[in-house]
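Step one of this worksheet: look at the structure below.
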Amino acid sequence: MATGDTTWKVLPHGPLTALDDNLWRVEGSLSGAPLKRVMTVVRRHDGGLVLHSPMALEESAMKELEALGPIALLVV
């Protein structure tokens with residue numbers, strides 16, 4: 001049975017930026033493409049986080065994200 005690559009590759013990205021109460025975004029680069037990618041983070045009423053278009057973050061940014069609350073849902 002074939003298995004996929006299970007390692008996360010952290011590509012260049014900006015900071016976790018607050019847009020509003022309970023809403024953040026991170027803009028990053030795509031490998032080999034001039035396009036940008038955007039991860040959006042929303043905190044639900046129960047404190048859980050919804051990550052839309054999640055991306056691997058450098059350690060300090062990941063700790064900042066984890067401090068916002070538990071990740072409840074990934075939307076890919």
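One is the number of the first residue; the rest follow in order along the sequence.
Counting only heavy atoms from C-beta outward, the side chains of Met39 and Leu51 approach each other to under 4.5 Å. Contact of the Trp24 side chain with the Leu68 side chain is registered, since non-hydrogen atoms from C-beta on lie closer than 4.5 Å. The side-chain heavy atoms of Leu57 and Val26, taken from C-beta on, include a pair separated by under 4.5 Å.
We find the NZ-CD distance between Lys63 and Glu58 to be 12.0 Å, quoted to the nearest 0.5 Å. Note that CG of Asp21 is 9.0 Å distant from CZ of Arg43, once rounded to the nearest 0.5 Å.
Leu74 is connected to Leu16 through a chain of hydrophobic side-chain contacts under 4.5 Å among Ile, Leu, Val, Met, Phe, Trp and Tyr, so both are in one cluster. Both Ile71 and Met55 belong to a common hydrophobic cluster when Ile, Leu, Val, Met, Phe, Trp and Tyr are linked at side-chain heavy-atom distances under 4.5 angstrom.
For the pairing with Val41, the side-chain contact (heavy atoms from CB on, under 4.5 Å) check across Leu23, Leu19, Leu49, Thr17 returns one residue only, Leu49. Screening Val38, Val76, Val75 for a side-chain contact (heavy atoms from CB on, under 4.5 Å) with His52, the sole residue that qualifies is Val75.
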Leu30 vs Lys36, side-chain contact (heavy atoms from CB on, under 4.5 Å): CA-CA, chis, key distance, verdict = CA-CA 6 Å; Leu30 281 172; Lys36 295 289 183 184; over 6 Å; no
Glu27 vs His13, side-chain contact (heavy atoms from CB on, under 4.5 Å): CA-CA, chis, key distance, verdict = CA-CA 6 Å; Glu27 185 175 299; His13 63 80; over 6 Å; no
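Of all heavy-atom pairs spanning Pro70 and Gly47, the tightest one is CD-O, 3.7 Å. Residue Ser29 comes nearest to Leu11 through the heavy atom pair O-CD1, 3.7 Å, listed as atom of the first residue, atom of the second, then distance. Taking every heavy atom of both residues into account, Gly48 and Ala72 meet most closely at CA-CB, 4.0 Å.
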